[in-house]
Every structure is written in structure tokens, then in C-alpha cells.
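None of the values given here were measured: they were computed from a predicted structure. Residues: numbered from 1 along the sequence shown.
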Amino acid sequence: MGRSAPHNAAQLLLLFSVLFLSSAAARESSGDGQPTTHLHFYFHEIFPSAPNTTIAQLSPARGGINNSSFFGMMGVVDDMLREGADPSSRLIGRAQGLAVGSSLTDGALLAMLDLIFTDGPYNGSSLQVFGRVLLGTVMERPIIGGTGAFRMARGYTLSKKIKSPDPNNLLIIEYDAYVWH
């Protein structure tokens, strides 16, 4: 019995080491310990009916623009990212990408956006966001990549439409981005 106690202690130490290393690897791969950044900004889109529009419709919605569904509509955007909801707040970047009407029933769009930061601490960096847009809801979309300070970024955005001072010509969406990089 005297010999088995040190042998058991060595086995326990080895088992503990294996479990600890496995646990540490799982934490590292799940994002723990990586730098995290929270960004808060506002997306401003000027409708085609207004001067200086930031969206171009490439194909109309099935059944026309007044149809309750945007199904089949395709458009490209070069929208503004601003520090605040006020249209005169500081411009910090652009949201460039593509939006496609992808739902027959609820007006949802599928959007691929490149959020390009042109001012402030992340000047020259970008985030790529892909996912479903359904105005009137809190929209959660994944961050699938980035450049510059956000190279190889992962994370998610939460966004929601907010009241616009000119609802017939300007869409404003408040964004919170949570980025692991």
C-alpha cells in the first residue's frame, strides 16, 4: 500500500494537468482572454426620394415597392456611420454593402455590410457584418471578419431603428457592436 499512494498521487497530478490544459485550450478557443471592444454608433441612410441618396435599387421588389414584402429587391448602400443620432453629428465611417429582399412574408432583408471606420481610434479599420435585417425589431447579426485593428475579428451587433427627424427621407439605426479580436 505504501507504493500505491505515490503512484496514485502521480496519476492524480497527471490527470489534473491534462484537465487543466484541456480547459485552458477551450477557454482560449471560445474567446476568453481575447481583447474585447464595444462600439456604439449610428447608421444613417438617405432614401432614394431625397437628394444625395445613399442607396441604389438594382432590382425592384416583386409586386412593386408598395408590396408588403421586399422579396426580390436588390440594392447597394454607401451609408454614413455617425457618432450620434443627429444627422449633423461627427461622421466616423461608412457602411458599404448589399441588401437583398429575401422573405416572401415579413419584409426581411439579407444584408452584407462592410463597416469602414474613417475617423477616430479605429480609422482605417473595418468590420464585416452579415445577416437578417427586419426593421422594427432588435436585429442581431454576426461579425464575420475585420481589417486593421479588427483583423480576424469575431463578434456580433445589436441594432434597432430609432426615431428619425425626417422619417420620409432618412433611416437611422442605433448600433452596438461587440468585437473579439
- Note on the structure: Taken to the nearest 0.5 Å, the spacing of E83 CD from H40 NE2 works out to 10.0 Å
- Item | Within one Ile-Leu-Val-Met-Phe-Trp-Tyr cluster: I92 and V77, side-chain cutoff 4.5 Å | yes
- Query: Should Q57 and M74 be marked as a side chain to side chain contact (heavy atoms under 4.5 Å, CB included) after you check the CA-CA gap, both sets of side-chain angles, and the distance that decides it?
  - Reply: CA-CA 6 Å; Q57 186 174 337; M74 185 182 336; over 6 Å; no
- Task: Begin from the C-alpha positions of W180 and T36 and carry the test side chain to side chain contact (heavy atoms under 4.5 Å, CB included) through to its verdict.
- Result: CA-CA 5 Å; W180 295 275; T36 302; 3.2 Å; yes
- Going through the distances and angles, do F71 and T105 end up as a side chain to side chain contact (heavy atoms under 4.5 Å, CB included)? CA-CA 8 Å; F71 185 73; T105 58; over 6 Å; no
- Message: Is any side-chain heavy atom of T54 closer than 4.5 Å to one of H44?
- Response: no
- Item | Nearest-0.5 Å distance, CG of residue L135 to CG of residue L171 | 6.0 Å
- Identify whether M139 and Y42 are in the same connected component of the hydrophobic contact network (ILVMFWY, side-chain heavy atoms under 4.5 Å). no
- Nearest non-hydrogen partners of F150 and S126, listed with the distance: CB-O, 3.7 Å
- Item | Main-chain N/O of I46 paired to T53 side chain as donor or acceptor, under 3.5 Å | yes
- May I ask whether I116 and M112 are part of the same hydrophobic cluster, defined by side-chain heavy atoms of I, L, V, M, F, W, Y residues being less than 4.5 angstrom apart, directly or through others? no
- Counting N and O atoms only, with roles assigned by atom type, does the side chain of T37 sit under 3.5 Å from a partner on the main chain of V179, one being a donor and the other an acceptor? no
- Assess whether side chain to side chain contact (heavy atoms under 4.5 Å, CB included) is satisfied between D106 and R132, documenting all intermediate values. CA-CA 11 Å; D106 62 9; R132 191 169 200 259; 2.6 Å; yes
- Item | Heavy-atom closest pair, residues V100 and L98 | CG2-CG, 4.2 Å
- Closest heavy-atom pair, G107 versus L134, reported as atoms and distance to 0.1 Å, is C-CD1, 4.1 Å
- Query: Are L110 and F70 connected in the hydrophobic side-chain network, where two residues link if heavy atoms are under 4.5 Å apart?
  - Reply: no
- Please round to the nearest 0.5 Å and tell me the distance separating atom CZ of R82 and atom CZ of R90. 11.0 Å
- Message: If I compare all heavy atoms of I143 with all of A177, which pair ends up nearest, and what's the gap?
- Response: CD1-CB, 4.3 Å
- Query: Same cluster for V129 and I173 if Ile/Leu/Val/Met/Phe/Trp/Tyr side chains link at under 4.5 Å?
  - Reply: yes
- Distance, nearest 0.5 Å, that separates OG1 of T147 from CZ of F117: 9.5 Å
- Could you state the interatomic distance from CZ (R154) to CD (Q128), rounded to the nearest 0.5 Å? 9.5 Å
- Rounded to the nearest 0.5 Å, the CG atom of D78 sits from the CD atom of E45 at a distance of 10.5 Å
- Heavy-atom pair with the smallest gap, counting every atom of F130 and P142: O-CD, 3.0 Å
- Do you know which two heavy atoms are closest between P87 and P165, and how far apart they sit? CG-CG, 3.9 Å
- Message: If you define the side chain from C-beta out and look only at heavy atoms, does anything of L127 sit under 4.5 Å from L39?
- Response: yes
- Describe, in one word, how the ring planes of Y175 and F43 are oriented to each other, choosing from parallel (under 30°), tilted (30 to 60°) and perpendicular (over 60°). tilted
- Query: Among side-chain atoms of R141 and S159, is any donor-acceptor pair under 3.5 angstrom?
  - Reply: yes
